[in-house]
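We name chains A, B, ... by the order of the sequence lines, and we start the count at 1 in each one.
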Number of protein chains: 2
Amino acid sequence: MPLNLEKICVEAGVKLTTPRKVILKILEESQDHPSVEELYKRASDVDSSISMATVYRTVSLLHEMDILIRHDFNESFSRYELNDEHHDHLIDIDSGEIVEFHNEKLEALKEKIAHDMGYDLMDHRLELYAKKRK
Amino acid sequence: MPLNLEKICVEAGVKLTTPRKVILKILEESQDHPSVEELYKRASDVDSSISMATVYRTVSLLHEMDILIRHDFNESFSRYELNDEHHDHLIDIDSGEIVEFHNEKLEALKEKIAHDMGYDLMDHRLELYAKKRK
DNA sequence: TTATGTGCAAACCGTTTGCGAATCA
DNA sequence: TGATTCGCAAACGGTTTGCACATAA
């Protein structure tokens with residue numbers, strides 16, 4: 001079930017402008033973790049009049065709406081991905097490749113740790129930096 | 001056993017200048033996760049001639065020497081802490097307080113996940129963002 | 001003595017913002 | 001039509017860097 005971002009925006013009362021439609025479509029089709037720069041490139045290929053500022057504003061808006069997750073994989077810029085079903089990330093140190101994974105034991109353990117410390121877990125971030133085994 | 005940063009630096013062939021001695025001492029005494037700005041403040045209190053640039057350069061040097069860990073807790077700046085014994089972090093969303101914790105099960109599980117994916121774990125980052133339970 | 005480190009100020013670069021024009025509802 | 005969004009370019013803020021001087025070894 002591919003999620004319909006335009007529908008979500010309309011229901012949230014967000015105005016559907018031309019640049020936004022282009023960016024939403026790109027996000028729906030993206031299987032990776034693009035930076036704003038990369039999103040801007042992809043958007044420009046569709047409509048060259050779209051500005052960097054609009055990409056930044058749209059991405060911020062979607063992040064606030066909880067539609068996008070912002071990542072900082074120890075780089076000088078942010079990457080974004082759709083807030084689809086939850087997963088964590090393994091970053092291949094050598095190739096830069098980002099591999100998604102999900103582990104139920106890990107999820108349960110994170111909850112338990114926070115709980116045992118007297119907290120309710122609201123969000124978390126787990127990244128494994130690794131090298132492919134030879 | 002408090003670690004002797006000056007000794008480590010000498011052994012690594014790093015020249016011990018006045019600014020570096022001041023910054024090393026501050027780091028040894030810090031129990032928190034100071035930003036460069038904060039380190040600069042603390043260093044200025046000892047020797048007001050130390051510049052921001054030197055703090056940045058020293059911190060980068062120590063980070064490359066694997067003496068300091070750089071953190072990015074979803075802020076617009078980096079925080080640093082001594083690379084002492086390993087622990088993860090829980091960030092209190094409401095107060096901003098950073099609580100350290102260590103969980104062996106979690107450590108083992110992270111290793112196992114990377115291994116099962118065909119990787120050797122080199123480094124990782126786990127942050128729990130949570131609210132104090134009422 | 002000399003390679004290295006320092007303070008200063010300017011540059012850098014990803015991101016944000018003020019503004020007047022364009023556009024969705 | 002009127003509130004919102006847009007593109008542009010300038011500003012922002014944390015960090016880096018070129019340079020001439022200072023300093024540890």
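Residue B:S60 places no side-chain N or O under 4.0 Å from the OP1 or OP2 atom of D:dT15. Here B:S78 reaches the OP1 or OP2 of D:dT15: one of its side-chain N or O atoms lies under 4.0 Å away.
Less than 6.0 angstrom separates the ring centroid of B:H86 from the ring centroid of B:H124.
Rounded to a whole Å, the CZ atom of B:F77 is 19 Å from the C1' atom of D:dT16. A straight line from CZ of A:R70 to C1' of C:dG14 spans 12 Å, rounded to a whole angstrom. Nucleotide C:dT16 holds its P atom 13 Å from the CG atom of A:L61, rounded to whole Å. Distance, A:M52 CE to C:dC13 P: 13 Å, rounded to whole Å. As a whole-Å value, the separation of A:E37 CD from C:dG14 P is 7 Å. One interatomic measurement links the two molecules: CG of A:N74 to P of C:dG14, which rounds to 16 Å at whole-angstrom precision. For the pair B:E38 CD and D:dT15 P, the computed distance is 14 Å after rounding to whole Å. Between the C1' atom of D:dT15 and the NE2 atom of B:H71 lies a distance of 19 Å, rounded to the nearest Å.
We find that A:R125 and A:E127 are joined by a salt bridge, their nearest charged nitrogen and carboxylate oxygen being less than 4.0 Å apart. Remark: B:D116 engages B:K112 in a salt bridge, criterion side-chain N to carboxylate O under 4.0 Å.
Counting any heavy atom pair closer than 4.0 Å across all strands shown, A:Y56 reaches a base atom.
Nearest-nucleotide mapping onto DNA chain D: of B:Y80 and A:S49, the residue sitting toward the 5' end is A:S49. For B:I50 and A:S76, each mapped to the nucleotide of DNA chain C holding its nearest heavy atom, the one lying further toward the 5' end belongs to B:I50.
With rounding to the nearest 0.5 Å, the separation of CG in B:N74 from NE2 in A:H71 is 10.5 Å.
No donor-acceptor pair under 3.5 Å is formed between the side chain of B:R42 and the backbone N or O of B:I26. With hydrogens and angles disregarded, a donor-acceptor distance shorter than 3.5 Å links the side chain of B:H87 to the backbone of B:E85.
Using a 4.0 Å cut-off on heavy atoms, the residues of residues 12-35 of chain B that approach DNA chain D are B:K15, B:L16, B:T17, B:T18, listed by number.
Under the 4.5 Å side-chain criterion, counting only non-hydrogen atoms from C-beta, B:V36 is in contact with B:Y80.
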